[in-house]
Amino acid sequence: EDKVVQSPLSLVVHEGDTVTLNCSYEVTNFRSLLWYKQEKKAPTFLFMLTSSGIEKKSGRLSSILDKKELSSILNITATQTGDSAIYLCATVGNTGKLIFGQGTTLQVKP
Amino acid sequence: EAGVVQSPRYKIIEKKQPVAFWCNPISGHNTLYWYRQNLGQGPELLIRYENEEAVDDSQLPKDRFSAERLKGVDSTLKIQPAELGDSAVYLCASSLDRSTEQFFGPGTRLTVL
């Protein structure tokens with residue numbers, strides 16, 4: 001059965017800290033891995049990763065995929081209170097079905 | 001560009017009552033998804049449409065849940081009758097096709113009393 005596991009489940013940091021969120025997966029016919037940020041509403045798209053070893057960056061956020069280790073990390077540098085959210089990792093197989101992890105709840109304190 | 005639109009945003013009903021959720025995807029997006037998200041969990045797929053066709057409904061509890069996407073644009077998800085365990089956020093998402101990123105609507109928070 002396809003599975004996505006995220007760690008840690010929750011994290012509390014102070015503004016300015018750097019955080020690394022982890023995602024590991026077991027997916028049949030893996031095609032891509034996606035990261036989403038969810039505040040009090042719908043998940044908003046951050047990154048889609050398909051190739052191993054190529055970092056994607058958007059401002060203070062970056063992510064990379066390791067297909068050998070079946071994992072991905074999401075880094076946030078110089079965290080701000082606005083980064084407080086649930087970060088969701090999801091994988092896509094051949095069917096196009098998104099399998100989500102349980103999410104990492106990040107709280108950034110001032 | 002307008003995003004995925006869902007209504008209502010919140011719904012409170014008593015158990016055994018019916019309820020329906022509506023979703024209008026991003027214009028031009030052929031693939032539409034309904035997810036259910038329980039508290040503290042990631043979203044779980046209920047059904048996926050490619051145009052009008054339901055191509056993956058393996059997780060949809062067919063005894064009480066039904067969905068339709070007439071004309072391949074907007075979609076309705078119905079629960080009849082609702083049970084206490086159906087309380088969750090119901091998210092709709094759309095994508096250009098099954099291999100591109102999915103964009104989510106704001107969700108409908110359902111509370112069954």
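Letters A, B, ... are given to chains in the order of the sequence lines, protein chains preceding strands, and every chain is numbered from 1. No experiment lies behind these values; they were computed from the predicted model shown.
Residues B:L60 and B:Y35 are members of separate hydrophobic clusters, defined by side-chain heavy-atom contacts under 4.5 angstrom among Ile, Leu, Val, Met, Phe, Trp and Tyr. Under a hydrophobic-cluster definition in which Ile, Leu, Val, Met, Phe, Trp and Tyr are linked whenever side-chain heavy atoms come within less than 4.5 Å, directly or via other members, A:L21 and A:I73 are assigned to different clusters. With hydrophobic clusters built from ILVMFWY side chains whose heavy atoms lie under 4.5 angstrom apart, A:L46 shares a cluster with A:L106.
Within 6.0 Å of the NZ atom in B:K15, the count of heavy atoms belonging to other residues, nucleotides or ligands does not exceed 12. The environment of B:L39 atom CG is sparse: at most 12 non-hydrogen atoms of other residues, nucleotides or ligands sit within 6.0 angstrom. For NZ of B:K11, the number of neighbouring non-hydrogen atoms (other residues, nucleotides, ligands) closer than 6.0 Å is 12 at most. Other residues, nucleotides and ligands contribute at most 12 non-hydrogen atoms within 6.0 Å of the NZ atom of B:K16.
For chain A, the option among B:G42, B:S95, B:G107 with the highest count of heavy-atom pairs below 4.5 Å is B:G42.
A donor-acceptor pair is defined here as one N or O able to donate and one able to accept, closer than 3.5 Å; such a pair exists between the side chain of A:Y36 and the backbone of B:Q102.
In this structure, chain B has no heavy atom under 4.5 Å from any part of A:Q6. Using a 4.5 Å cut-off between heavy atoms, B:S58 touches chain A through its side chain atoms alone. Interface remark: A:L34 contributes side-chain atoms only to the contact with chain B (heavy atom separation under 4.5 Å).
When all heavy atoms are compared, the tightest approach of A:A42 to B:P106 is CB-CA, 3.8 Å. Smallest separation of non-hydrogen atoms from A:P43 and B:L91: CD-CD1, 4.0 Å. Nearest heavy-atom pair across B:E101 and A:F45 is CB-CE1, 3.4 Å.
In this structure, CZ on B:F104 lies 6.0 Å from CG on A:L98, to the nearest 0.5 angstrom.
Residues A:F100 and B:L45 have side chains not in contact (no heavy-atom distance under 4.5 Å, counting atoms from C-beta outward).
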